[in-house]
Amino acid sequence: MRISKLRNIGIVAHIDAGKTTVTERILFYTGTTRTMGEVHDGEATMDFMKQEQERGITIASAAITCHWDEHQVNIIDTPGHVDFTMEVERSMRVLDGIVAVFCAVGGVEAQSETVWGQADRYRVPRICFVNKMDRPGADFFDVLKQLDDRLDAGAVPYQIPIGTEENFSGVIDLVRMKFYTFPDGMLQEGEIPAAYRPDAQSRHQQLLEKLAEFNDELAELYLEDKAIPEAMIRTVTRYCVVHSLITPVFCGAAYKNIGIQPLLDAIVSYLPSPLDKGAVVGVDPTDTAKTLLRQPSTSEPFSGLVFKIIYDLYVGQQTFVRTYSGVLKTGDFVLNITTGKKERISRILRIHAKDRSEIPEVGPGDIVALVGLKNTYTSHTLCHPEAPMLLSTIKVPDPVISVKVSTGSRQEKENLHQALRRMAMEDPSFAVRNVERTGETVIAGMGELHLEIIVDRLKTDFKVEAVAGRPSVEYRETIAGEYQYDYKFVKQTGGRGQYAHTVIRVEPNPGCGFEFINHVTGGRIPAEFITAVHKGVKNTLVEGIMADYHVVDVRVILLDGSYHQVDSSDLAFQTCASICFKEAFKRATPQLLEPIMLLEIATPDEYIGDTVGDLHRRRGRVLNMRRYRKGSQKISAEAPLRDLFGYATTLRSLSAGRASYSMEIGRYSPLPEKLQEEVLTEAHKRMRGEE
């Protein structure tokens, strides 16, 4: 397969926009599957996890390869629920293009904006598909407006619908100026009905006018009122999409098998190949200021990025890799530049959702799973041993909610820890910590559903009968002031003693995480012990100081210190730095930060007063309100996660079951002093095992 014929795409959307149904239709029409799996029947090819089938939602991103018009299309179907945003994040990092699916009724939802922002961050070209045109309330042109108003998408319609709601019967192709209908799901081409010709012609001209802004040759033909060849329109469109100048918009109804074949044509015609994306940029691991490039060519040394890990009962660890350059063959050794270790490739697998097929080698620009890697995880860079290059990593969101999990026997506890370690390796947004003081196991994730799925998987996938406690908020610890502390760690025993001395100043570092600065001069502390100081402070960040929450947004400056020729050691300086940092932290106006969630609530007009009143009782704040559809509005708001437990039940009760909402982490904010005392009291009880 030529690299120019390769497409690495993702299907992304807000929950319930129908992206998995779109993917299932793509698999059917490309001949990859013989039947169309339905989400509501639990038979979708891409939703093969038991938890996905039971809930009718996508939880984990699934990869599959199909073919259309002599092109190979690697598809990743991503989750729409905000609790699984890490799955979208890591997919975005390795994709060349995406199809963003929008519901013709719901339009641009909260998670749509999050996904769009992720695509912007990784500069991923995109096209849009407005789905569910057959649903009551469907409005293609309103969604177009929302794309521009809320996402600044540069949306350009490449199709317009014929009819809406129950009268939706097909689409007009504004490039070919043809009318497509889909009897029994098969595409049938015809002339545009007379009643629609004026509007179609007007929109065709608007399309040409937009493209003329980006191509002089097309602009000249347009201004001279000459015919513009279809091939030129497609070529200019492709250029515009690859450079994110416009976003072509298509429409259909996937469940009714309408609009999928033209969407496939658009994927291979407009979304970029690895050649269009060009060279991948990395750095020299020995000198991170030095930039390195790898072209998507078989003549370049191999390079690839690991973006997902899956454990399979039969295959073992499957390491999903996006290759960028060179050729990798079964039996080859690769260098994991992140760990500095070599690993051997025992098998290369082409993935088909839950199934797989073995291939002897893989070239540049492809997505495959590797078997045989033992110490390679998400965000690690793999490369040819003689041509090291480090690629940029994948952003991992911080967990915002946690629960305690426990089991019965000692053997069960060991099985629990093993299962949790495996799931944490698969999902970097899921964290596990053991509280040594109480022997408890705490798991943390992106939301209640995220942790519910984890506990469910413990029982179904790993056969561990785990009991989960009540959800609690993952607060953060920080400081609001500055303080300088001088501490000597001296321990004399029968043999060699322990000596370390540090002078540390701590300062707030809002929004910038942890920063360590060394101001020691004149060899007052040797370089190897400076590293130990850094490590001692960093370990303390994870343990917490006020309670057992992570410390964030702190600048630590090592000002001075001293050492002993015989009694100083790495361990002594780690211990000294940890104690010195803790004492300075306690005196620098420490405070807890709580996660503030962004909410988007869709509610009928008659329930707006009750909904807003309830938000205020939860320390919430309305950011704006806008018309959603006739008789309904959308409320954008923010509220502390602490006060949102059980919100789904309350909202259903307030609105007679007619309102819905979604939420995601927005920011962290200082916890009010009175609540901080309450939270710390509860945390200290928990840490003493009194709960």
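Just so you know, these numbers use all the heavy atoms, side chains as well, and skip hydrogens, waters and symmetry mates.
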Assess the pair Y196 and F179: is the distance between their ring centroids shorter than 6.0 Å? no

Please report whether the ring centroid of F102 lies less than 6.0 Å from that of F129. no

Can you check whether D614's main-chain N or O pairs, donor with acceptor, with H616's side chain at less than 3.5 Å? no

Measure from the side-chain N and O atoms of H71 to the backbone N and O of K5, and report whether any donor-acceptor pair falls under 3.5 Å. no

Regarding [X] and [Y], is there a side-chain donor-to-acceptor distance under 3.5 Å anywhere?
X    : Y    : answer
N74  : R7   : no
S273 : D276 : yes
T378 : R90  : yes
R618 : T650 : yes
Q261 : D265 : no
T237 : Y158 : yes

Salt-bridge present ([X], [Y]; N to O < 4.0 Å):
X    : Y    : value
E426 : K308 : no
K178 : D173 : no
K226 : E220 : no
E165 : R135 : no
E600 : R626 : yes
R658 : E606 : yes
D643 : R617 : no
E89  : K395 : no
K634 : E109 : yes
R126 : D120 : yes

Any [X] side-chain heavy atom under 4.5 Å of [Y] side chain:
X    : Y    : result
T164 : D139 : no
P229 : I233 : no
E217 : M232 : yes
F307 : I76  : yes
Y122 : I394 : yes

Step through the shown structure and confirm whether more than 12 heavy atoms of other residues, nucleotides or ligands are within 6.0 Å of [atom1] on [X].
X    : atom1 : value
N624 : CG    : yes
F214 : CZ    : yes
E213 : CD    : yes
R238 : CZ    : yes

Looking only at non-hydrogen atoms, find the nearest pair between [X] and [Y] and report the distance.
X    : Y    : answer
T21  : A254 : CG2-CB, 3.9 Å
R322 : D96  : NH1-OD1, 3.0 Å
I401 : P471 : CD1-CB, 3.8 Å
V101 : G18  : CG1-C, 4.5 Å

Could you walk me through whether D134 and K256 satisfy the salt bridge (charged side-chain N to carboxylate O under 4.0 Å, His left out) test, starting with their C-alpha distance in whole Å, then the side-chain angles of each, then the deciding distance to 0.1 Å, before giving a yes or no? CA-CA 8 Å; D134 58 323; K256 296 288 182 63; 3.2 Å; yes

Looking at V156, D142, V108, which hits side-chain contact (heavy atoms from CB on, under 4.5 Å) with L147? V108

In terms of the angle between their ring planes, are Y239 and H243 parallel, tilted or perpendicular, with boundaries placed at 30° and 60°? tilted

Can you confirm if the NZ or CZ of R150 lies within 45° of the ring axis of W116 and under 6.0 Å from the centre of its six-membered ring?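 Relative to the ring axis of W116, which defines the angle, R150 lies outside at least one limit.
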
What residues form a side chain to side chain donor-acceptor pair (under 3.5 Å) with T32, not counting sequence neighbours? T30

